[in-house]
Amino acid sequence: MTGCSDDDEQSHEGAETNRKQQKKKSKSEKHVSFPPDELIVSGFSEHRDNHRNGDSCVSLAEVKSAYEQSCSRHQVEPKGSILQQLQQGACVGGGVKCLDLKGERLDQRSCEALEAVLKSLHFDFINLQAAQLEENGAASLLDMILYYESTAHLDISDCSRMGTSCWRALAHLIKQSVRLSRLDVSNVPLVDYPVQCVSRALLTSRLTALHLHNAQLSGVPLYALISSLKTNKALKELHLSNNQLNSYQDALQLGDLLRYNGTLQTLQLSNNHIADAGLEELCDGLRHQTAGLQVLLLRNNNITADGMLHLAKALPVLKVLQVLDLGENVLGNEGIQEIREPLMKNTSVLQLGLSQTNITCEGAVALAEFLAESHQIEQLDLRHNEVKVGGLMALSLALRINRSLMVLDVEIGAPQEQDEFLTETQARLQAEIAQRCTANARRSKNTMESSESLPDEDEDKRQLATVTCPYMLFFRGVLNLTDLTGLSG
């Protein structure tokens with residue numbers, strides 16, 4: 001009797017344990033219908049794409065109905081914004097521009113209900129910015145996006161509640177997806193486990209653009225990221241603004257990236273603390289870029305005229321850098337003087353950003369000399385500087401010679417004394433600059449359409465080149481006259 005009672009008690013306890021384990025398992029279990037994670041590999045992508053092409057004629061009305069039925073099965077209310085997008089959107093061959101889930105509260109069942117949408121349509125962009133995602137729901141959603149190759153651009157910025165399983169699913173998506181080309185993970189701390197996950201995935205990723213603004217990447221996280229990107233052969237754009245990157249270890253890592261990675265084409269480093277010492281490290285790396293980096297953005301990085309000494313050494317040897325933005329750094333006229341001649345020797349820079357860099361007419365004259373010699377510069381940004389009428393006169397004269405500049409952004413305030421002559425001169429010079437830039441743009445368009453040059457263009461250049469130096473010397477003399485303060489800065 002006792003033995004039977006013990007057996008019954010043990011049997012009862014075992015059944016109770018099994019029920020608890022089953023209940024616990026059911027709470028965290030994913031209810032999506034695609035295979036387990038271990039079967040979702042890139043080799044399945046061809047099968048998934050073929051399956052979608054077979055359903056490419058599905059209408060948005062049918063997808064909307066399927067989504068509503070899926071919500072009913074998962075016992076959740078359909079999201080009004082999703083229904084509206086499916087009702088008002090346009091579908092071409094199974095493709096839709098955007099699935100906007102920004103700020104939506106998506107629990108696990110809401111995410112699983114979305115499978116009806118993700119398996120029927122593919123999107124150019126899925127926006128999950130600031131979405132309120134639960135841990136398991138987020139992981140399920142990312143797994144579905146991978147399995148169905150649902151998007152080319154995914155934004156999960158401002159999603160601060162991402163946990164371990166979510167980061168693991170994101171890393172799997174980065175590593176395995178054949179369609180995802182751009183990923184935004186901004187305003188989320190990318191430290192410790194998250195940065196390890198993302199860095200390992202980037203070793204074999206097909207991503208071409210990665211936006212990691214304000215992700216607390218300074219120090220060890222940046223080291224982990226750069227270590228993977230040194231050998232990455234796919235990424236073309238890396239955006240790292242607002243990460244408090246410093247001029248020491250961080251700049252050293254970025255210099256190494258430029259030294260060893262020849263695939264990267266855009267490096268966005270605005271709003272950091274690179275400073276003059278950090279710029280030296282970047283310039284050392286830039287010298288190794290023979291076929292890679294085309295865009296370098298260094299706006300607001302505490303760079304001064306001393307930093308231009310390092311840039312002056314690199315500019316003459318750069319062959320591929322086309323866009324350089326140094327705006328919101330305290331370069332001053334001294335800094336512009338340092339890079340004037342190196343810019344003349346450079347043959348690659350097409351766009352130069354110098355807005356809000358403490359330039360006055362003296363710096364404008366130096367840039368006018370550069371413009372008179374340049375054969376390739378297309379855009380120059382001088383907004384928010386103290387360039388007065390004297391600087392405008394020098395720039396206008398340079399544009400009589402320059403045949404490449406198509407955009408010159410320069411602002412000039414009204415003369416303080418409202419002198420009629422200065423006001424008229426300013427208006428005339430600004431109109432002349434705009435006219436000559438427009439003429440250059442038209443000439444460039446015609447050159448692209450026809451390889452024949454204008455018959456009088458070479459003669460024009462020869463005639464104007466003979467007066468370049470006298471003009472520049474004349475305006476330098478004008479700028480030195482203290483009684484013409486209305487002209488010079």
Q435 CD: over 12 foreign heavy atoms closer than 6.0 Å: no

Atom CD of E334: over 12 foreign heavy atoms under 6.0 Å: no

Q268 side chain to S270 backbone, donor-acceptor under 3.5 Å: yes

N358 backbone acceptor or donor facing N385 side chain under 3.5 Å: yes

K79 atom NZ: more than 12 heavy-atom contacts under 6.0 Å: yes

Between CG on residue L217 and CG on residue D250, distance to nearest 0.5 Å: 9.0 Å

Note, L395 side chain near L429 side chain (heavy atom, < 4.5 Å): no

Minimum side-chain heavy-atom gap K313-R287 below 4.5 Å: yes

Carboxylate-amine/guanidinium contact D381 R383, below 4.0 Å: yes

Heavy-atom side-chain proximity of L202 to L235 below 4.5 angstrom: no

Side chain proximity check, I82 to L86, heavy atoms < 4.5 angstrom: yes

Short side-chain to backbone donor-acceptor contact, D306 and D276, under 3.5 Å: no

Backbone N/O of Q244 and side chain of N272: donor-acceptor pair under 3.5 Å: yes

Set of side chain to side chain contact (heavy atoms under 4.5 Å, CB included) partners for K230, sequence neighbours left out: I226, D256, Y260

Side-chain donor or acceptor of S444 paired with backbone N/O of N440 under 3.5 Å: no

Side chains of V320 and T290 in contact at under 4.5 Å (non-hydrogen atoms): no

Polar side-chain atom of E149 near backbone of V178 as donor-acceptor pair, under 3.5 Å: yes

Neighbour count above 12 (heavy atom, 6.0 Å) for F125 CZ: yes

Charged N-O contact under 4.0 Å between E432 and R400: yes

Sidechain-backbone polar pair: N346 side chain, L321 backbone, donor-acceptor under 3.5 Å: no

